[in-house]
Amino acid sequence: MPVRTVVEHGTKDKKSVAFSLDWPGWSRGAKSAELALETLEAYRDRYRPIARIAGMLAEFDAAGALVIVEDWVGTGSTDFWGISFSPSSTEHGPMGEAELERKLALLQASWSFFDDVRGRVSPEMRRGVRGGGRMREEIFRHVVRVESLDHAKQVGVQEDDDGTALTPDGLRQHREAYIAGIRAYNAGKVDRKMRSWTLPFLIRHSAFHTLDHAWEMEDKDLSGEAAATA
């Protein structure tokens, strides 16, 4: 099966994003659609561990070439961040149980991968050209806070900004509540509906945000340099 791929442009076409519809989190942005597609393909091997954790490695390895099924204009935020900020025309709900559970398995695999990366990279991250950039625990806090305080509320899960989700037990409870909220929303049991987002997009966006920062930690890891100078 080919990899169903969507290309999303910013409103001023300064940046574009290419992402897979069937593999949440496999998404890359660049200055042009061509570069975004090249980068997405280049990240195929980096996404492979997520498919393995989710028990879908054979399916992922059997996937064929990237095939564009939609090419459209997203929002101005795409121009600024190079990130998809809105659902494509195919991402609407409710989803069937099999599709929902498949995407949830990949979201949970993204969390597992993020946790593993956090556990093996250096606490200090390589800084940017001007000395900026978050350290490992700052990245962890950012990812968890965005998901627990922003993404989760999209499906009616209200969490306190008291740092509980940053603890091991609190993080587990947050993720369980978030998954339960997604299932409830898909079943029509949440009264408040998302205005501009959809459930498939929310799952994809959560997986992307998690993996984007997991890969950031891998790219900025200083463990190898420390070992080389020891």
Side-chain angles (χ1 to χ4, degrees), residues 2-51 60 63-92 103 106-107 109-111 113-114 117 121 125-130 132-134 136 138-140 142-147 150-151 154 194 196-221:
V3 177
R4 296 190 304 154
T5 305
V6 174
V7 175
E8 179 181 327
H9 307 272
T11 54
K12 297 182 179 179
D13 207 22
K14 293 182 178 180
K15 292 181 182 178
S16 297
V17 179
F19 61 86
S20 167
L21 283 172
D22 301 312
W23 300 97
W26 187 12
S27 174
R28 291 286 92 188
K31 292 183 178 180
S32 69
E34 292 75 16
L35 286 175
L37 286 165
E38 288 179 14
T39 307
L40 185 70
E41 179 59 47
Y43 270 69
R44 185 185 290 259
D45 284 344
R46 295 193 79 169
Y47 191 88
R48 193 169 182 267
I50 289 79
F60 185 77
L66 305 179
V67 174
I68 300 174
V69 296
E70 186 173 358
D71 189 314
W72 75 302
V73 176
T75 70
S77 295
T78 303
D79 283 316
F80 187 80
W81 296 104
I83 296 172
S84 173
F85 272 97
S86 54
S88 69
S89 66
T90 61
E91 294 179 293
H92 294 286
K103 289 185 175 181
L106 289 164
L107 173 59
S110 300
W111 291 336
F113 180 76
F114 178 88
V117 173
V121 299
M125 301 269 93
R126 182 179 294 106
R127 295 187 180 276
V129 177
R130 298 182 180 179
R134 299 183 179 101
R136 182 191 67 192
E138 291 173 329
I139 292 172
F140 166 69
H142 166 72
V143 170
V144 173
R145 284 173 61 84
V146 167
E147 187 175 84
D150 185 11
H151 297 174
Q154 300 290 337
M194 289 179 265
S196 57
W197 289 14
T198 65
L199 199 57
F201 170 76
L202 177 64
I203 296 172
R204 172 168 65 84
H205 191 60
S206 289
F208 161 75
H209 190 244
T210 299
L211 291 179
D212 190 50
H213 286 295
W215 291 328
E216 176 192 4
M217 289 193 291
E218 286 186 326
D219 291 342
K220 295 181 177 180
D221 181 26

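Side-chain atoms are counted along with the backbone in the values below, which use heavy atoms only and exclude waters and symmetry mates.
The shortest side-chain heavy-atom distance between H9 and W72 does not fall under the 4.5 Å cut-off. Using a 4.5 Å heavy-atom cutoff, the side chains of F114 and M217 are in contact. Under the 4.5 Å side-chain criterion, counting only non-hydrogen atoms from C-beta, H209 is not in contact with E147. Counting heavy atoms from C-beta on, the side chains of T75 and W81 never come closer than 4.5 Å. You'll find the side chain of F113 reaches within 4.5 Å of the side chain of W215, heavy atoms only. Here the side chains of F201 and M194 are not in contact, with every heavy-atom distance at 4.5 Å or above. You'll find the side chain of T11 reaches within 4.5 Å of the side chain of V73, heavy atoms only. Taking the side chain as every heavy atom from C-beta outward, V17 and S27 approach each other to under 4.5 Å.
Note that CG of D219 and NE2 of H213 are 12.5 Å apart. Values are rounded to the nearest 0.5 Å. E8 contributes atom CD, which lies 10.5 Å from atom CD1 of I83 (distance to the nearest 0.5 angstrom). If you take CD on E38 and CZ on R28, they are separated by 14.5 Å, rounding to the nearest 0.5 Å. Atom CH2 of W111 sits about 14.0 Å away from atom CD1 of I50, to the nearest 0.5 Å. A distance of 13.5 Å separates CZ in F208 from OG in S20, rounded to the nearest 0.5 Å. One distance of note links OG of S16 with CG of D71; it measures 8.0 Å at 0.5 Å rounding.
Between D150 and R145 there is no salt bridge, since no side-chain nitrogen of the basic residue lies less than 4.0 Å from a carboxylate oxygen of the acidic one. Between R134 and E216, none of the side-chain N atoms (NZ, or NE/NH1/NH2) sits under 4.0 Å from a carboxylate O, so this pair counts as no salt bridge.
A search for ring pair (Phe, Tyr, Trp, His ring centres under 6.0 Å) contacts involving W23 returns F60, not counting sequence neighbours.
Side chain of T198 to backbone of E91: a donor-acceptor contact under 3.5 angstrom is found.
No hydrogens or angles considered: a donor-acceptor pair under 3.5 Å links the side chains of S84 and R204.
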